[in-house]
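Quick notes on the structure that follows.
Quick caveat: nothing in here was measured; it's all calculated off a predicted structure. Read the numbers this way: they start at 1 and go in the same order the structure lists the ligands and their atoms.
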Amino acid sequence: MVVPLVGIGGVDVQGRAELLIVGAGVIGAGAALALARSGHDVLVVDRNSGVGDGSTGASAGIIRVHASDAQSSALAHDALVAWTGWREFLGADASEDLARFVRCGSLVLDAGNGFVGQAAAAMTMAGVTFEKWSLDQMSGHFPYFDFHRFGPPRPVQDEAFWEEPSEFLAGGLYTPQSGYVGDPTLAAVNLMRAAQRAGARLRLSAAVGSIDRERDRVVGVTLTDGTVLRAAAVLVVAGPHTDALLRGIGATSDFRVRTRRMREELIHIASPPGLDLALQGVHLVDGDLNINFRPERGDAFLGGSNGDLADEQTIIEDPDRFDRHVTATAWERTTLRMARRIPDLGIPRARSGVVGLYDAAEDWLPIYDRTCVDGLFVAMATSGTQFKTAPIVGELLRHVIESELDGKDHTTIPFASPFSARTYSTAQFSRLRAPREQQSRG
Ligand SMILES: Cc1cc2nc3c(=O)[nH]c(=O)nc-3n(C[C@H](O)[C@H](O)[C@H](O)COP(=O)(O)OP(=O)(O)OC[C@H]3O[C@@H](n4cnc5c(N)ncnc54)[C@H](O)[C@@H]3O)c2cc1C
């Protein structure tokens with residue numbers, strides 16, 4: 001039975017917090033940790049019965065430091081400090097089961113579409129080190145790849161897809177510090193446990209039905225079972241469900257950047273016999289074939305589309321209604337493209353993989369901001385790029401929320417990284433930004 005705490009205006013209030021966070025994915029958990037450590041009274045609610053079971057659970061968990069813009073590259077580089085010292089960052093004792101960062105490096109092939117030059121410029125500006133590799137260096141390190149130029153990316157039904165290539169790729173960028181976290185759900189659980197140690201409260205199986213406002217100010221939320229929770233501020237970080245929750249109270253009315261929900265399939269496929277990916281694996285970013293994949297343990301690959309090509313995107317209207325199975329189309333497209341790059345790859349008949357939803361802005365940058373409703377904050381459009389930044393984004397959201405609750409515009413105050421001497425402008429993540437041009441998912 002829920003015991004009413006205080007009745008306001010005829011409403012029975014069953015729970016209170018200074019800051020209420022809607023969503024216990026990796027970003028919500030990261031924010032809970034930063035805010036609780038900063039001394040706030042935090043309550044996290046999630047409609048699922050476990051932490052990290054939304055988009056986070058479908059994530060490929062790739063932590064790569066290259067990006068289309070300098071700030072995104074720098075944020076990922078800073079977050080690596082937390083991923084590589086995860087136990088210390090969390091303050092977890094030796095008995096806690098923790099997600100593990102696996103360093104495998106990222107190789108970004110020069111597909112001749114300008115991305116490699118853009119990423120190199122961004123990393124140079126961000127002070128992130130990388131290596132420029134020639135074709136010979138790429139072949140020497142990864143002899144199991146065929147570095148012919150197969151692109152531009154074509155449908156696998158197109159006869160030209162099967163033409164024998166005559167040219168080789170010019171080279172690529174290599175970042176040895178990149179890698180992946182194989183269990184993204186566990187990473188979110190780890191962050192939430194650390195937040196709870198710092199005093200945050202967690203309420204699972206608690207679906208928010210509405211965000212409640214009184215005039216221009218948020219006052220809390222009402223759960224679908226009628227439970228009323230009250231808070232001085234609410235952060236909505238509900239992944240693909242964020243847009244609908246905000247729209248419900250008109251809180252997206254002034255957004256200048258459009259967001260959309262996209263179905264994304266990752267396929268899981270065994271690596272060729274005799275290839276030990278624990279030793280020879282790499283995260284390959286292949287703009288020539290529009291795929292990227294990483295090692296999955298020592299004997300398989302996990303990968304999918306790069307996301308940028310409009311005719312390979314599937315837009316989803318209702319985030320509760322989408323096909324959660326790997327389709328024949330995506331399976332064929334990804335595996336056959338991979339087989340061009342890895343000639344020894346065998347393609348099994350049975351399809352295996354993970355399907356999730358991207359919540360993405362038209363310029364592929366997240367929105368970390370307040371809304372037009374006082375006290376209502378948002379972290380959305382994070383897909384499929386922000387798993388890697390979660391440890392630092394939690395701190396960035398704390399900066400946004402604390403600045404605004406203090407009556408200041410967060411975009412005018414630099415956010416100081418807790419992991420380096422870097423400072424960031426949060427204006428890049430504003431809902432009011434003009435969508436950035438030349439931005440890709442990276
Ligand atoms: C297929 C895929 C691959 C990806 N690969 C990568 C990658 O390799 N590297 C990378 O950096 N990023 C990647 N991403 C992106 C990354 O996973 C996401 O940016 C991140 O997980 C988003 O976390 P979140 O906490 O914002 O959202 P979510 O994990 O979706 O969490 C939102 C939570 O809100 C809850 N919720 C929703 N509605 C309600 C409600 N009404 N009431 C209460 N709770 C609610 C949900 O149950 C959920 O737990 C990928 C994403 C996908 C989908």
Side-chain angles (χ1 to χ4, degrees), residues 20-32 44-65 67 72 75-76 79 83 106 178-182 184-185 187-189 191-192 202-211 221-225 229 234-246 248 261-267 283 285 292-294 302-307 316 319-320 322 324 326 330 353-360 364 366-368 378-391 393-394 397 441-442:
L20 194 143
I21 298 179
V22 182
V26 74
I27 304 285
V44 184
V45 295
D46 198 292
R47 65 184 202 155
N48 284 338
S49 56
V51 168
D53 284 341
S55 302
T56 299
S59 181
I62 294 161
I63 320 279
R64 41 108 176 150
V65 293
S72 299
L75 278 171
W83 291 118
S106 283
S178 301
Y180 66 93
V181 168
T185 297
V189 169
L191 284 168
M192 189 56 77
L202 172 65
R203 196 157 166 170
L204 294 170
S205 303
V208 171
S210 65
I211 298 168
V221 301
T222 301
L223 304 184
T224 49
D225 67 3
L229 302 174
V234 174
L235 168 65
V236 184
V237 55
H241 294 85
T242 304
D243 180 67
L245 281 170
L246 294 185
R261 273 42 63 194
M262 289 155 58
R263 193 171 167 283
E264 185 64 22
E265 308 187 34
L266 300 178
I267 63 105
H283 167 225
V285 181
N292 73 93
F293 51 89
R294 66 158 172 84
L302 184 74
S305 153
N306 288 349
I316 299 292
D320 285 322
F322 67 96
R324 289 168 196 272
V326 175
V354 188
V355 179
L357 285 189
Y358 277 179
D359 173 43
W364 289 103
I367 299 173
Y368 300 134
V378 61
M380 69 186 295
T382 64
S383 277
T385 60
Q386 298 294 293
F387 173 82
K388 62 179 177 291
T389 56
V393 162
L397 287 165
R441 197 180 75 85

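By the 3.5 Å distance cut-off applied to N or O atoms, Val26 is counted among the residues near ligand 1. Of the polar atoms of Gly356, none of the N or O atoms is found under 3.5 Å from an N or O of ligand 1, judged by distance alone. Where the criterion is an N or O separation shorter than 3.5 Å, residue side chain and backbone included, Ile27 meets it with respect to ligand 1. Considering backbone and side-chain N/O of Tyr358, none are found under 3.5 Å from N/O of ligand 1. Checked against a 3.5 angstrom limit, the closest N/O atoms of Glu264 and ligand 1 fall outside it. When only interatomic distances are considered, the shortest N/O to N/O separation between Asp53 and ligand 1 does not fall below 3.5 Å. At a 3.5 angstrom cut-off on N or O pairs, Ile62 counts as close to ligand 1.
When each atom of ligand 1 is checked for a heavy atom of Phe387 under 4.0 Å away, the hits are 10 (C), 11 (O), 12 (N), 16 (C), 17 (O), 19 (O). Proximity to Val237 (heavy-atom distance under 4.0 Å) selects the following atoms of ligand 1: 26 (O), 32 (C), 34 (O). Near Ala58, meaning under 4.0 Å from any of its heavy atoms, are these atoms of ligand 1: 1 (C), 2 (C), 3 (C). Of all atoms in ligand 1, listed by their number and element, those nearer than 4.0 Å to a heavy atom of Ala60 are 3 (C), 4 (C), 5 (N), 6 (C), 8 (O). Close approach of ligand 1 to Ala238 is summarised as follows: ligand atoms under 4.0 Å from at least one heavy atom of the residue are 32 (C), 34 (O), 36 (N), 37 (C), 38 (N). Here is the list of ligand 1 atoms found below 4.0 Å of a heavy atom in Gly61: 7 (C), 8 (O). Counting the atoms of ligand 1 from 1 in the order shown, those under 4.0 Å from a heavy atom of Gly28 are 25 (O). Close approach of ligand 1 to Pro240 is summarised as follows: ligand atoms under 4.0 Å from at least one heavy atom of the residue are 30 (O).
Residues Arg294 and Gly182 come closest through the heavy atom pair NH2-CA, 4.1 Å. Closest non-hydrogen pair, Glu265 versus Val355, comes out as CG-CG2, 4.1 Å. Here the shortest heavy-atom pairing between Ala76 and Arg64 reads CB-O, 3.4 Å. Considering every non-hydrogen atom in both Ser59 and Pro184, the closest pair reads O-CG, 3.4 Å.
Listed for the Thr185 side chain is a donor-acceptor partner under 3.5 Å among the backbone atoms of Gly52.
Between Val181 and Phe387, some side-chain heavy-atom pair lies under the 4.5 Å cut-off.
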Which is it for Thr382 and Tyr368 under the side chain to side chain contact (heavy atoms under 4.5 Å, CB included) test, yes or no, and what are the steps along the way?
CA-CA 9 Å; Thr382 64; Tyr368 300 134; 3.8 Å; yes
Item checked: CA sep, side-chain torsions, deciding dist, call: Val208, Leu223, side chain to side chain contact (heavy atoms under 4.5 Å, CB included) -> CA-CA 4 Å; Val208 171; Leu223 304 184; 3.9 Å; yes
Is there a side chain to side chain contact (heavy atoms under 4.5 Å, CB included) between Val51 and Asp46? Walk through the geometry before answering.
CA-CA 8 Å; Val51 168; Asp46 198 292; over 6 Å; no
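Both the sub-6.0 Å distance and the 45° axial angle are not jointly satisfied by Arg263 relative to the ring of Phe322.
In this structure, Ala206 counts as a contact residue of ligand 1, since one of its heavy atoms falls inside 4.0 Å of the ligand.
Here atom 21 (O) of ligand 1 lies nearest to Thr56 when heavy atoms of Thr382, Thr56, Leu266 are compared. In this comparison of Ser55, Ala188, Pro366, the heavy atom closest to atom 30 (O) of ligand 1 sits on Ser55.
Between the side chains of His241 and Asp320, at least one donor-acceptor pair of N or O atoms lies under 3.5 Å.
Only backbone heavy atoms of Leu357 (N, CA, C or O) come within less than 4.0 Å of ligand 1; its side chain stays farther off. Contact annotation for Lys388 and ligand 1: heavy atoms of both the backbone and the side chain come within less than 4.0 Å of the ligand.
Using cut-offs of 30° and 60° on the angle between ring planes, the pair Tyr358 and Trp364 is perpendicular.
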